[in-house]
Structure formats: C-alpha cells, structure tokens
Amino acid sequence: MIDSRCGLHCTGCEFKEPCNCGGCIETNGVPFHGECPVAVCCQGKGFRHCGECPEFPCKLLQDYSADPEHGDNPPGSRIEQCRKWREEK
C-alpha cells in the first residue's frame with residue numbers, strides 16, 4: 001500500500017495520531033509539520049511516489065532520508081520502499 005510520496009510508512013508513524021496528521025498524500029504535500037518539499041516535487045511531476053520518477057533516487061530524496069533528526073532508521077529504508085513500490089507496478 002502506497003501511503004507516502006517518499007517511501008516513509010505513514011501508517012506506522014509516531015506523529016500520525018498525536019499530531020492529527022493525514023500524511024502527505026491526503027494533505028496534498030502539507031502534513032502536520034508543514035509543506036514537504038519531496039511530496040510537492042513528486043506531486044508536481046504527477047507521480048504517486050518518488051520511485052516512479054526517472055531521477056530516482058534524486059539528491060532531494062537522499063538528503064531528506066539522511067536528515068540527522070528525522071531521517072531513515074535504518075538508513076535508506078524509504079528509498080528501498082520506493083524501489084519496492086516501483087517493482088510492484
């Protein structure tokens with residue numbers, strides 16, 4: 001199930017319920033923390049998730065997933081999820 005643009009699983013996110021977050025897909029790229037540049041880029045190109053983009057994985061997604069505070073744990077997990085979604089197509 002595709003539940004984000006970047007490959008993060010929103011359904012298991014610790015911020016979803018306490019922050020009343022609908023995720024980037026349901027909020028058109030503006031989840032609880034404000035506009036998400038990855039989601040806005042992906043939507044602007046007409047893709048459901050970043051794995052559909054010919055530039056995948058781009059620097060924006062790589063930097064976003066490597067953010068020291070909110071990045072992937074384990075590292076690269078959202079990029080791998082986008083790869084899986086791309087292969088399922």
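The structure presented is a predicted model; accordingly, all values stated were derived computationally and were not measured.
Residues in residues 29-42 take part in no salt bridge (Lys or Arg N to Asp or Glu O under 4.0 Å) pair, two or more places apart or across chains. Within the structure, the side chain to side chain donor-acceptor pair (under 3.5 Å) test picks out the following pairs touching residues 2-15 (sequence neighbours left out): D3-H9, D3-T11, R5-Q43, H9-Q81.
Counting heavy atoms from C-beta outward, F56 and C42 have side chains that stay 4.5 Å or more apart.
With rounding to the nearest 0.5 Å, the separation of CD in E52 from CZ in R48 is 4.5 Å. Annotation: the span from R78 atom CZ to C6 atom SG amounts to 4.0 Å, rounded to 0.5 Å. Rounding to the nearest 0.5 Å places CG of L61 at 6.0 Å from SG of C82.
Think of I25 as one node in a network of Ile, Leu, Val, Met, Phe, Trp and Tyr side chains linked at under 4.5 Å; its network also takes in I2, W85. Grouped by direct or indirect side-chain proximity (heavy atoms under 4.5 Å, Ile/Leu/Val/Met/Phe/Trp/Tyr only), F32 sits with F15.
Residues meeting the side chain to side chain contact (heavy atoms under 4.5 Å, CB included) test with T27, sequence neighbours left out: P31. Residues forming a salt bridge (Lys or Arg N to Asp or Glu O under 4.0 Å) with K59 (at least two apart in sequence, or on another chain): D63. Remark: R86 engages no residue in a salt bridge (Lys or Arg N to Asp or Glu O under 4.0 Å) (not counting sequence neighbours). The side chain to side chain donor-acceptor pair (under 3.5 Å) check on N28 picks up nothing, with sequence neighbours excluded. When the side chain to side chain contact (heavy atoms under 4.5 Å, CB included) test is applied to C41, the partners found at least two apart in sequence or on another chain are K45, L60. Under the side chain to side chain contact (heavy atoms under 4.5 Å, CB included) criterion, D67 pairs with E69, H70, not counting sequence neighbours. For the side chain to side chain contact (heavy atoms under 4.5 Å, CB included) test, residues two or more places apart in sequence or in another chain that qualify with Q62 are P57, I79.
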field: Residue pair V30, C36: steps toward the side-chain contact (heavy atoms from CB on, under 4.5 Å) verdict
entry: CA-CA 6 Å; V30 188; C36 174; over 6 Å; no
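Looking at R83 and E87, no side-chain N of the basic residue comes within less than 4.0 Å of a carboxylate O on the acidic one, giving no salt bridge.
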